[in-house]
Amino acid sequence: MSPLIGEYRVLYKPITLHSKVSHFHLIFSLSLFLSLLFFFKGKKMSLLNDLINLNLSETTDKFIAEYIWIGGSGMDLRSKARTLTGARDDPAKLPKWNYDGSSTNQASGDDSEVIIYPQAIFKDPFRRGNNILVMCDAYTPAGEPLPTNKRFNAEKIFSNPDVAAEEPWYGIEQEYTLLQKEINWPLGWPVGGFPGPQGPYYCGVGADKSFGRDIVDAHYKACLYAGINISGINGEVMPGQWEFQVGPSVGISSGDQVWVARYILERIAEVAGVVVSFDPKPVKGDWNGAGAHTNYSTKSMRNDGGIDVINKAIEKLSLRHKEHIAAYGEGNERRLTGRHETADITTFSWGVANRGASVRVGRDTEKDGKGYFEDRRPASNMDPYVVTSMIAETTILWKP
């Protein structure tokens, strides 16, 4: 008999209180068992990953389209997939689809069908290959937009010839907070407690300052892969809070890209077992809130002498301050307090390089006499279709 086989028989014989198996043999046996367990588990996971990453284009001309839409709360993203063939680069050539609106708080049970229209296409960073993500908006079977379909009215504004001629550009700074799933508390924070005060976390580096960077970087690359014009990321002032920037984007595409970027972030966080919060003030007290600062310019603002157009646009925004605040996100009153780099929600203000103002004009814009300005009022949970189109409507179409 092989000495090795005999040794294994000794290791795996039943262990009782009277066994003379040494501690070394016991530990070695348990280690071997766990190693084999993880080996076979790893083989299963490897096979699962291989199947997930199958390249369908090698065997079929079919592709998978993940249809995405906004649910009844106006912030919840929903999606489901279908198999398609044919064109995959033109949303007008993709089929409409439907879903059960009674399960998303968008229809009654006795008339629950909601129709979704494909509006924008992005490459799928999860399935990859020829597969796509499809941003949709929602309608009744009669073709009427649902109340939660804010894209419909935004598209009408951006299609106005006066707005289209100005080619409005947007750069949206989307802030968000990563939460520990089990306790709904910011990532990296001690359970039931608080980290050190704000200061070292903004764009911070190190295990005691930066929490969730792997999620953030995965999101960054996935958005670039998808075709979203994501222009950067950074850690924010409150630990566990991050920001990504989308833009410059023109007109309605800004809203499409921000919504799909949010969807990709939620999917990545789902894999990581972390919750994404767009609450504008996730933690009470001396902690920064979360916003969606919206940078904006028109062709006239970008041309020589554009500073005069900017000043007139800011004046118009001041006259419609209450209307904009009402549309800039729920719970924003908890964030816009006049502290933590915000203006008071009840008062409109603007200034050059002033992060405590409602609207900020950059030093470069002042120096060059043209450029853009930043509306700092929108909350992190704002609807980008609403905010972008409302800014265009007020500054271009509205006549005081």
Side-chain angles (χ1 to χ4, degrees), residues 2 4-5 7-9 11-15 25-69 76-89 94-95 97 99-100 103 118 121-136 178-182 187-188 207 211-228 230 233 242 244 260-276:
S2 166
L4 184 60
I5 295 175
E7 181 72 8
Y8 270 77
R9 285 185 175 179
L11 287 173
Y12 282 98
K13 73 177 185 178
I15 298 173
H25 284 161
L26 179 60
I27 292 171
F28 180 79
S29 178
L30 289 173
S31 298
L32 181 61
F33 171 75
L34 290 173
S35 296
L36 290 170
L37 182 66
F38 286 123
F39 172 77
F40 287 115
K41 184 178 180 181
K43 292 285 285 185
K44 289 182 179 179
M45 291 302 295
S46 177
L47 175 60
L48 183 61
N49 286 330
D50 288 344
L51 291 172
I52 289 173
N53 293 319
L54 279 175
N55 186 354
L56 299 180
S57 62
E58 295 176 353
T59 58
T60 179
D61 61 352
K62 297 176 180 178
F63 61 94
I64 301 171
E66 188 79 23
Y67 279 43
I68 305 165
W69 70 94
D76 57 314
L77 283 161
R78 311 285 180 128
S79 74
K80 61 177 181 174
R82 67 184 302 176
T83 305
L84 296 174
T85 58
R88 56 178 176 270
D89 56 358
L94 296 179
W97 206 5
Y99 66 88
D100 172 17
S103 296
I121 296 173
F122 300 86
K123 294 175 66 177
D124 187 339
F126 303 102
R127 296 188 176 101
R128 287 173 280 187
N130 292 328
N131 305 301
I132 57 176
L133 303 176
V134 185
M135 188 65 205
C136 305
L178 297 175
L179 303 178
Q180 303 169 57
K181 183 175 68 173
E182 294 79 9
L187 197 65
F211 311 113
R213 190 184 295 275
D214 52 348
I215 296 171
V216 174
D217 277 348
H219 175 249
Y220 194 177
K221 289 185 176 181
C223 285
L224 287 172
Y225 178 93
I228 294 168
I230 184 170
I233 58 168
W242 293 83
F244 64 88
V260 175
R262 286 175 173 178
Y263 172 83
I264 292 173
L265 178 60
E266 293 273 17
R267 285 283 303 275
I268 292 172
E270 173 187 315
V271 174
V274 172
V275 174
V276 179

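Excluded from the calculations below are hydrogen atoms, water molecules and symmetry mates; all remaining heavy atoms, backbone and side chain alike, are included.
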Any residue meeting side-chain contact (heavy atoms from CB on, under 4.5 Å) with [X], in chain and number order, not counting sequence neighbours:
X: K221; value: none
X: L224; value: Y220, I230
X: N55; value: S57, E58
X: T59; value: none

ask   = Do S46 and N49 get their side chains close enough for a donor-acceptor pair, meaning under 3.5 Å?
value = no
ask   = Would you say the side chains of Y263 and S79 form a donor-acceptor pair under 3.5 Å?
value =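 A pair is found: one side chain offers a donor N or O, the other an acceptor, under 3.5 Å apart.
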query = Which salt bridge (Lys or Arg N to Asp or Glu O under 4.0 Å) pairs, counting each pair once, include a residue from residues 59-68, with sequence neighbours left out?
reply = E66-R127
ask   = So which pairs with a foot in residues 265-276 pass salt bridge (Lys or Arg N to Asp or Glu O under 4.0 Å), sequence neighbours left out?
value =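 Of all non-adjacent pairs touching residues 265-276, none passes salt bridge (Lys or Arg N to Asp or Glu O under 4.0 Å).
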Between [X] (side chain only) and [Y] (backbone N and O only), is there a donor and an acceptor less than 3.5 Å apart?
X: N53; Y: D50; result: no
X: W69; Y: Y99; result: no
X: N130; Y: F63; result: no
X: H219; Y: A261; result: yes

Heavy atoms only: give me the nearest [X]-[Y] pair and the separation to one decimal.
X: V134; Y: A65; answer: CG2-CB, 4.1 Å
X: R82; Y: P95; answer: NH1-CG, 3.7 Å
X: A226; Y: P125; answer: CB-CD, 4.3 Å

inquiry  = Is the terminal nitrogen or CZ of K80 (NZ for Lys, CZ for Arg) located under 6.0 angstrom from the six-membered ring centre of Y67 and within 45° of that ring's axis?
reply    =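 Not flagged: K80 not positioned over aromatic ring of Y67.
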ask   = Rounded to the nearest 0.5 Å, what separation is found between the CD1 atom of I264 and the CZ atom of F126?
value = 5.5 Å
